[in-house]
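Read the structure below first, then the notes.
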Amino acid sequence: MASLKDLRSRIASVKSTRKITSAMKMVAASKLRRAQDAAEAARPYAERMGTMLGRLATAVGSNEGAPKLLAGTGKDDVHLLVVFTADRGLCGGFNASIVKAARAKALALKGEGKTVKIICVGRKGSDALKREFGDNIVARYTGIEGKKGIDFSSATEVADKVLALYDEGEFDVCTIFYNKFVSAISQVATAQQLIPFAGEEVDEQEEATGSSAVYEYEPSEEAILADLLPRNVGVQIFGAMLESSASEHGARMSAMDNATRNAGDMIDRLSIEYNRSRQAQITNELIEIISGAEAL
Amino acid sequence: MTDTTVLELVSPSALLKSEPVEMVVVPGTDGNFGVLPKHSPMISTIRPGVIDIYAGGKVSERIFVAGGVAEVNPERCTILAEEAVPVADLKADEAQARLEAAEADIKTAETAHDKANAERALDIARAQIQALTN
């Protein structure tokens with residue numbers, strides 16, 4: 001049985017842990033708000049980019065001259081996985097769920113005899129994957145999220161790397177793995193194919209209403225597409241980074257909220273135990289005194 | 001009331017502008033083009049340069065863009081810009097520094113990809129300086 005002194009220090013330490021977790025929760029909540037705003041602000045660009053590309057892709061179709069980013073390399077041998085995780089832990093199952101999804105995919109691809117290459121964005125992902133897939137990791141990026149949130153230039157950096165690898169014929173298919181932000185308590189691990197471009201088909205209704213009238217293209221469909229597709233890669237990666245960061249803060253917030261609550265429960269339990277044993281000790285002393293007096 | 005078309009200027013991190021304008025001149029890759037209301041639909045890429053927004057027959061606002069695409073249809077003109085800054089906020093010394101950095105990058109670039117990037121940065125810097133001088 002723990003002594004009173006042990007219990008006292010135990011309670012003190014749990015109390016200070018609770019202070020830390022509740023502070024972290026507060027920090028995560030404010031960062032979440034900012035990350036959510038950023039994710040929302042970035043949406044119009046991605047949406048318009050998407051509709052424009054969809055329109056162009058339908059116009060160009062799968063002609064001979066279609067850019068490689070749209071048509072693919074015609075092979076399916078080498079897969080590149082871009083895995084977005086956080087740099088830091090203490091955010092519940094956030095990192096684990098994305099790593100799990102990526103590992104399952106990598107193993108499945110390996111099982112089919114395909115080559116897998118991995119780019120890790122965020123320290124936790126590369127830490128978790130390097131033991132099993134150390135030789136497959138081709139690049140790592142950390143410290144994506146600066147003081148002011150995520151900058152588009154960091155997305156460009158990753159996109160440049162991906163495009164450079166593609167130009168050199170290092171891979172055929174690129175898939176990105178990130179946590180899609182649903183709400184502060186729910187994030188969904190998502191896999192999205194980035195290269196070759198898999199756009200949503202232009203809505204047929206929209207087509208019928210004539211809003212996609214015949215467009216003129218300047219310089220030409222192919223030239224615009226060749227310009228737009230690499231840019232789209234950057235935009236998609238940027239979007240994934242923003243979603244992932246909003247998810248990270250959301251996950252951390254709910255994890256820290258749970259931790260704070262658990263610490264509270266633990267303090268209650270320990271306090272009861274402490275009071276009980278203190279009372280037991282007093283009773284014991286009394287019994288000793290009384291029985292001593294009676295013995296005289 | 002004069003006819004207007006809706007100008008939407010979107011950068012990757014935000015919707016910068018969405019407002020009715022009388023006319024806007026966009027620096028297309030194949031030359032500048034003006035967009036008036038009821039313009040026929042077109043899509044064009046943009047070279048680094050300045051977007052001029054007209055109000056009352058005069059230039060009311062000048063915005064520098066570092067490239068992107070423009071989609072024009074009879075009701076609106078949507079510009080997806082990689083980087084957009086009002087010309088008034090451009091700094092001559094920063095543009096100059098960018099130019100020098102880009103020139104240095106071209107010299108040290110090893111792969112074709114790096115070189116293309118550096119050349120693009122050089123074009124942007126040159127266009128910025130040009131935007132400042134007139």
Side-chain angles (χ1 to χ4, degrees), chain A residues 37-53 55-56 59 148-157 159-168 210-221 223-232 234-239 241-242, chain B residues 6-18 26-35 38-48 65-84 98 105 109-118 120-121 123-124:
Chain A
D37 287 347
E40 258 154 46
R43 226 160 267 161
Y45 191 87
E47 271 171 20
R48 288 183 173 85
M49 182 71 101
T51 44
M52 224 183 261
L53 271 176
R55 200 167 283 153
L56 276 161
K148 287 190 206 137
I150 294 166
D151 201 30
F152 188 60
S153 59
S154 44
T156 324
E157 198 185 319
D160 275 352
K161 177 76 184 168
V162 171
L163 290 170
L165 287 175
Y166 192 66
D167 282 345
E168 290 157 19
S211 69
S212 55
V214 183
Y215 275 79
E216 259 176 61
Y217 297 98
E218 196 181 294
S220 66
E221 285 103 316
I224 297 178
L225 210 49
D227 187 63
L228 222 50
L229 282 167
R231 221 167 272 187
N232 182 51
V235 171
Q236 296 292 343
I237 289 179
F238 185 52
M241 280 178 176
L242 290 172
Chain B
V6 179
L7 170 71
E8 279 184 335
L9 183 60
V10 200
S11 83
S13 49
L15 180 64
L16 295 173
K17 207 180 249 314
S18 178
V26 182
T29 314
D30 286 353
N32 291 5
F33 58 89
V35 180
K38 304 195 182 68
H39 192 286
S40 68
M42 68 174 282
I43 293 177
S44 169
T45 47
I46 298 177
R47 68 183 151 81
V65 289
V69 259
E71 179 186 350
V72 182
N73 64 29
E75 297 97 47
R76 63 180 68 240
C77 169
T78 309
I79 295 171
L80 301 182
E82 269 175 8
E83 189 191 328
R98 239 172 122 158
D105 280 350
E110 278 163 13
T111 61
H113 189 82
D114 284 350
K115 194 155 184 192
N117 272 352
R120 215 170 58 193
D123 284 343
I124 293 172

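When all heavy atoms of A:Glu216 and B:Ser40 are compared, the pair lying nearest together is OE2-OG, 3.6 Å. Taking every heavy atom of both residues into account, B:Pro12 and A:Phe238 meet most closely at O-CE2, 3.4 Å. Of all heavy-atom pairs between A:Tyr45 and B:Leu80, the closest is CE1-CB, 3.6 Å.
The CG atom of B:Leu15 sits 10.5 Å away from the CD atom of A:Glu47 when rounded to the nearest 0.5 Å. Interatomic distance, B:Asp30 CG to A:Tyr217 OH, rounded to the nearest 0.5 Å: 15.5 Å. With values rounded to the nearest 0.5 angstrom, A:Ile224 atom CD1 is found 10.0 Å from B:Glu71 atom CD.
With a 4.5 angstrom heavy-atom cutoff, A:Leu228 touches chain B only via side-chain atoms. Heavy atoms of A:Asp160 lying under 4.5 Å from chain B belong to its backbone as well as its side chain. In this structure, the portions of A:Arg48 lying under 4.5 Å from any heavy atom of chain B include both its backbone and its side chain. For chain A, no part of B:Glu83 is nearby; none of its heavy atoms comes within less than 4.5 Å.
Residue with the most contacts toward chain B among A:Ala223, A:Ala39, A:Pro219: A:Pro219 (heavy-atom pairs, distance under 4.5 Å).
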